[in-house]
Amino acid sequence: MPDLARLIGKRLLLGLLTLFAVSVLVFIGTELLPGDLAEVILGQTATPEAVAAIRAKLNLGDPAVLRYWRWFSGVLVGDFGNSLASGRPIVTVLLPRLQATLFLAATAAVIAVPLAIALGLLSALWRDRTFDKTTSAATLAAISMPEFFIGYLLVYVFAVQLGWFPAISRISPSAGFGQKLWAIALPALTLTLVTTGHMMRMTRAAVVQVLSAPYIEMAELKGTPRRAIIFRHALPNAIGPIANVVVLNLAFLVVGVILVEVVFVYPGMGQLMVDAVSKRDIPLIQACAIVFAITYVGLNMLADIVSILANPRLRHPR
Amino acid sequence: MNAYSGYDRMLRQGGLDRRSFGKLAAMLGASASVGAMLPGAARAQGEPKKGGSVAIGATGGATTDSLNPLLATASIHQLTSFMWGNCLVEYGTDGSAVPELAESWEPSPDAKTWRFNLRKGVTFHDGKELDAEDVIWTLNQSRGEGSQSGAAGIMTQVKDLRADGSHVVVVELEEGNADLPYLMTDYHLVIMQKDSDPASGIGTGGYRITEFDPGVRIFGERNENYFKTGRANLDSVEIVGIADPAARTAALQTGQIQIMERVDPKTVDLLGKMPGVTIHRAAGGGHYSMVMRCDTAPFDNNDFRLGLKYAADREDILAKILRGLGRVGNDQPIPVTDPFFAADLPQRTYDPDKARFHMKKAGYGGEKIPFSTSDAPFAGAVDAAVLYQQHAAAAGINIDVIREPADGYWNDVWMKKPFCFTFWGGRPTADMMMSIAYHSKAAWNESYWFRPDFDKLLVQARAELDRPKRAQMYAELQRMINEEGGELIPMFNDFVDASTAEVQNFELTPQLGLCGMRAPERVWLDA
């Protein structure tokens, strides 16, 4: 067990290093964006006086390294600073958006993950039969369409024609949980369609591979029931790859849904980051990037740990 | 006091006679609301109905927004500012200056000193009564070193502000300006309370802001103490930031919003055919321009510029890029809706022979002429450039369309590259438009056009209180820009909004969409 703790500790440390590297890369990226920060904040209506005032206020004359260090040392103590464009503390800007994004991601995940795994298992079980082929075709079709297009299709059918769900996900602060779910039904469905195919196919492939292993043959020869073979022998050994693909899709649900946010006017993190980039709000861009990086690194770490726990060979190296 | 009284006053003063009023209305291409523009006819549309709530899908919202009117840029900010606040003067549906927080004003004979008489008994949302100190404090926010206000430029002409008693504000200008009341309609100059936080959203307007989620939604409830009668009729107004035109359309179709800003020209015909949807088209000063730097060869040669101007088929660009939702331009920035529009100036048309003649005179031998564009100035600017390339090719002119990144366009391309696309939202007056982009010393003299005689006449016209004389001066200024300027202006765009049929009194206003961004206080619902 101490081995395991060390293993996980090492992963955590590596994760933190990755995050640091990401923050440096993002900073360099923001420095490379075209245009002067002060001029971009003011837009076409910038007057030289106003630009000078903003430059002075934001210490834009200081070297990039110094500005970066000021920001990073703040983050280490949990202070993301203030938004350059609006002057509000970044935490208050970020948190509601993060909540909204996580709510949508969680809803989509709660539908998509069990659905994908169930479909994947059944497809593996009934390999090459009609069910398998239909599922494959349907999920592949869904995955091949761009998500905004799926979004528009769903809006057309379920909002404009049938009127079952709202076309835009407007959520008033006083809305109850049920109302919120109703409001995000279409974006959640869009994301489900976008992610299910990938997870389902990986599940199917992993299980199919395990099913062809000699020990499964042994179990079959022993007369173990089909259900027990799948759940007791095959699934635990397929968990590693499944966990990895699930995590990849969960991360996508958090960081990659900007198009869906725009189509459904959903105030999530993607829109926040796009706004931040267009306004050259560097601390806000960095904060968003850090949150995204934490999501990615954290979820991938989780997948690694799950794989390790599920696989005795990794649990006891050598 | 009824806001219509302003128009009555205007008519009485002879600023605009009824006939030209009607002509203007016809030119605006007004759909349902032509009648509403005439004081007498206004009541015929029915008395305003109180109650109900309206959601407006508007563009330009960002998470970085604040309620501070000084920093307003996009339409969603302007709409919000006019929910909670008022200016001294309102921009009327006929393009006139309508009394708002100032109930009247008088210029000195040289138009250098102006007295604004404030309306009495107007209260802020927190109960404090409006007085001259509030107005002076507000206007001072846009003055002086380091002001971040978008109105800082136009306020540099103010020399001094002082109160004369509790309800008179005296504005002294560096030089005479007959248009000062119009400058006071600027959405950055929404009157705030003295020593208040500019981002508090507390003003004298028809709605109190009760929720503000930057870029996402703004919610306001009716201010029962509003000083205008017949305005701010809705119980509540919600503004929703919707950037995607398809999402705005779907939201209108499904009844999630009742008013949508900026209909996509490509779908306007389809949307207009839908039952229960009304399209509102307002003409105005918004225009597209292909700017040539007159200080850079070969654009420093007027024949070269004329050649390029004759090589544009404006009708074709208007029809294909804006689907006809606009008017052709005549290489000068004053729109047909402006009282000082020079109607006698001949319209420049597509003439490849003339283009060839001028180009030859300028010594052009078929070299590539780089033209920078991007979809940053407006959606369709790249397509418009390619169209122009085709038109020009027929005159033997070789336009090389360069697509620049949209991000950073205003910093890295505009006013840097010698020939590029630009967009101007309209300005309320001819003087403002010309001062901001054509005066030699203007910060945004984008064509680098330096003409002392133009500058001199512009300043003279600004201070001229005699209208016919002034009109003549503006006609001359427009002729100068048309014949010698560095701007090829192919078209003016209309502001095209849509609403559900129950939305009444959608008063079209030249210059801006959504009833001059005052839809929340102007419309009412017909149950």
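Residue numbers begin at 1 in each chain, while the letters A, B, ... track the order of the sequences. Below, each value reflects all heavy atoms present in this structure, side chains not excepted, and no hydrogens, waters or symmetry copies. Model, not experiment: these values are computed from the prediction.
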Next on the checklist: Atom OH of residue position A:Y156 - does it have more than 12 heavy atoms of other residues, nucleotides or ligands inside 6.0 Å?
Outcome noted: no

Item to check | Exceeds 12 heavy-atom contacts within 6.0 angstrom, atom NZ of B:K266 | outcome: no

Determine whether [X] and [Y] make a side-chain contact, defined as any pair of heavy atoms from C-beta on separated by less than 4.5 Å.
{"X": "B:T254", "Y": "A:F165", "answer": "no"}
{"X": "A:Q271", "Y": "B:T63", "answer": "no"}
{"X": "B:V216", "Y": "A:R97", "answer": "yes"}
{"X": "B:P214", "Y": "A:R88", "answer": "yes"}

Side chain, backbone, both or neither of [X] within contact of chain B (heavy atoms, under 4.5 Å):
{"X": "A:L259", "answer": "neither"}
{"X": "A:Y152", "answer": "side chain"}
{"X": "A:V155", "answer": "side chain"}

Next on the checklist: Show the nearest heavy-atom pair for residues A:V265 and B:G241, with the distance to one decimal.
Outcome noted: CG1-O, 3.0 Å

Item to check | Non-hydrogen atoms of A:I168 and B:A247 that approach each other most closely | outcome: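 That would be CG2-O, 3.9 Å.
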
What part of [X] lies closer than 4.5 angstrom to a heavy atom of chain A: side chain, backbone, both or neither?
{"X": "B:A62", "result": "both"}
{"X": "B:Q253", "result": "side chain"}
{"X": "B:A199", "result": "neither"}

Item to check | Expected output: side-chain B:Q256 to main-chain A:A167 donor-acceptor under 3.5 Å | outcome: yes

